[in-house]
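So the structure is just underneath, and the comments pick up after that.
Proteins come first, then strands; the chains are lettered A, B, ... in the order of their sequence lines, and each starts at number 1.
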There are 2 protein chains.
Amino acid sequence: MDNQHQPEITPGNTDSTEQRIFDAAHELFVLKGLDGAKMQEIADKAGINKALLHYYYRSKEKLYEMVAKAVIGRAVPVIQNLLESDDPLEEKISRFIDFYIDMVSRNPFIPLFVINELNKHPDRFFETILPKELPRPHAFFRQVEAEVAKGNLRPIKPQHLLVNVVSLCIFPFVAKPMIRIVLGLDQQEIKAFLAERKEAVKAFVFQAIRT
Amino acid sequence: MDNQHQPEITPGNTDSTEQRIFDAAHELFVLKGLDGAKMQEIADKAGINKALLHYYYRSKEKLYEMVAKAVIGRAVPVIQNLLESDDPLEEKISRFIDFYIDMVSRNPFIPLFVINELNKHPDRFFETILPKELPRPHAFFRQVEAEVAKGNLRPIKPQHLLVNVVSLCIFPFVAKPMIRIVLGLDQQEIKAFLAERKEAVKAFVFQAIRT
DNA sequence: CCCCGAGTTAACCAAAAAGTTAAACCCGAT
DNA sequence: ATCGGGTTTAACTTTTTGGTTAACTCGGGG
């Protein structure tokens with residue numbers, strides 16, 4: 001063991017070594033970013049020798065790529081389904097909000113990871129990480145336009161509506177520590193506050209768009 | 001020159017060396033974070049020797065602290081003013097949106113920087129970076145509650161309203177590359193889209209809260 | 001004219017971190 | 001049993017990086 005750090009192996013990890021490495025890398029890359037996470041740290045968390053990282057994944061970059069691809073690829077099909085379903089619009093939006101807030105409150109660091117990746121390594125993102133199939137919101141857009149035309153919805157550009165909904169869902173979880181400070185909430189209170197978000201966002205959005 | 005990188009000195013920088021270092025560090029830390037930005041890089045960008053970084057600022061940490069403190073300290077008083085002014089509520093919200101979107105469209109990386117700092121180094125943040133005076137939104141909250149009581153506003157928790165407005169202002173700029181992809185916009189189109197945001201957000205928010 | 005000290009530099013150092021190697025270890029197939 | 005390939009490890013090398021040192025420049029008193 002050339003290990004001067006505390007090993008703190010994640011327990012209960014009975015999978016293959018390759019998987020353990022991947023899981024450890026996933027956790028640390030998402031938490032600390034490419035530069036922040038160290039190979040030794042990942043090895044420690046996976047409970048294996050640093051050389052194994054290179055045995056299974058050739059380099060830090062490659063390992064990072066795998067993780068990034070997995071993280072991003074995971075959410076895309078779900079969003080796609082949500083946007084393309086033929087539910088009535090309000091129901092679709094409601095489901096969308098539920099899904100997004102559930103997802104992001106379980107994994108609050110994922111959106112930050114994606115955004116950072118996209119801002120800091122756009123080249124790599126477009127070349128190797130971006131999945132071929134990315135959400136096509138056209139169906140959703142036409143649906144909104146149809147409702148606006150029918151007079152069921154106040155006039156709004158569907159693009160702005162989509163961006164608004166996503167912003168309202170994601171941002172508060174990403175900025176959770178900031179919000180905690182500004183609103184002066186403790187651990188419990190911020191949790192309660194964020195738990196109210198599903199209903200708060202739905203109410204806000206629907207009041208904004210209903211005629 | 002122990003310089004194996006391309007120097008690419010930022011031109012037009014006629015200020016003192018100390019200032020040049022600070023500016024270079026500011027740019028790179030905001031762009032790449034503490035781990036991502038390298039001292040050599042900062043020195044190159046400032047057009048000076050690496051040793052000067054340590055001459056003026058003792059260590060990377062100290063330099064980073066200065067930058068972080070400046071970045072965060074800058075926005076706080078303005079927000080404070082906005083929230084505590086005694087303008088009527090709608091005007092206050094309107095100004096708030098204008099200010100935030102102006103600010104974030106000029107410096108799209110600042111919010112990301114603050115959020116990352118807060119998520120990844122909360123300890124340091126609270127100990128050394130957090131300014132004593134942070135925005136106290138109480139006046140704003142009471143104002144909202146008063147309007148709700150008077151029936152001028154639909155019932156809404158003022159905390160959610162504040163979070164909603166900030167989310168709608170900041171997130172689209174932070175997630176700009178993501179939005180570009182999903183909406184399939186080119187450079188020009190995304191610029192135009194974001195330019196519409198001020199009006200779009202105001203319309204959305206006011207329709208959501210007006211009775 | 002010379003000194004002095006702030007400013008600046010090249011060269012160096014030590015620690016950290018990525019990556020490599022060669023040997024050992026398991027374990028099923030021969 | 002043993003061979004052999006996939007797996008794992010300790011130890012090593014290389015590269016990167018933050019930090020230091022000693023020398024040099026240069027302009028303003030004395």
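With respect to Lys202(B) and Asp98(B), a salt bridge is recorded, a charged nitrogen being found less than 4.0 Å from a carboxylate O. A salt bridge links Arg124(A) to Glu117(A): at least one charged side-chain nitrogen sits closer than 4.0 Å to a carboxylate oxygen.
Rounding to whole angstrom units, CD1 of residue Ile21(A) and C1' of dG6(D) are separated by 14 Å. Distance Lys60(B) NZ to dT20(D) C1': 17 Å, rounded to the nearest Å. One interatomic measurement links the two molecules: CG of Leu34(B) to C1' of dT17(D), which rounds to 13 Å at whole-angstrom precision. In this structure, the CD1 atom of Ile42(A) is 12 Å from the P atom of dA17(C), given to the nearest Å. In this structure, the OH atom of Tyr56(B) is 8 Å from the C1' atom of dT8(C), given to the nearest Å. When rounded to the nearest whole Å, the span between OH of Tyr55(A) and P of dG6(D) equals 7 Å. What separates CG of Asp35(A) from P of dA16(C) is a distance of 18 Å, to the nearest Å. Distance Tyr64(B) OH to dG19(D) C1': 20 Å, rounded to the nearest Å.
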One pair to check against side chain to side chain donor-acceptor pair (under 3.5 Å): Asn164(A) and Arg197(B). What are the steps and the verdict? CA-CA 10 Å; Asn164(A) 288 353; Arg197(B) 275 256 117 202; 2.3 Å; yes
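Distance from the side chain of His54(A) is smallest for dA18(C) among the nucleotides dA18(C), dG18(D), dT9(D). When distances run from any side-chain atom of Leu52(A) to the nucleotides dT8(D), dG18(D), dT8(C), the shortest one goes to dT8(D). Which of dT21(D), dT8(D), dT9(D) sits closest to the side chain of Ala51(A) comes down to dT9(D). Side-chain proximity of Asn49(A) to the nucleotides dA10(D), dG19(D), dT8(C) is greatest for dA10(D).
Leu83(A) and Leu162(A) make their closest contact through CD2-CD1, 4.2 Å (heavy atoms, listed as atom of the first residue, atom of the second, distance).
Using a 4.0 Å heavy-atom criterion, one finds that Tyr57(A) contacts no nucleic acid atom at all.
In this structure, a donor-acceptor pair under 3.5 Å is absent between the side chains of Asn81(A) and Arg95(A).
An OP1 or OP2 oxygen of dG18(D) is reached within less than 4.0 angstrom by no side-chain nitrogen or oxygen of Ser59(B). Phosphate contact (OP1/OP2 of dT7(D), side-chain N/O of Thr17(A), threshold under 4.0 Å): absent.
Taking 3.5 Å as the limit, the base of dG19(C) and the side chain of Lys50(A) contain a donor-acceptor pair of atoms between them.
Along DNA chain C, the nucleotide nearest to Lys38(A) and the one nearest to Arg58(A) differ in position, and the one closer to the 5' end is contacted by Lys38(A).
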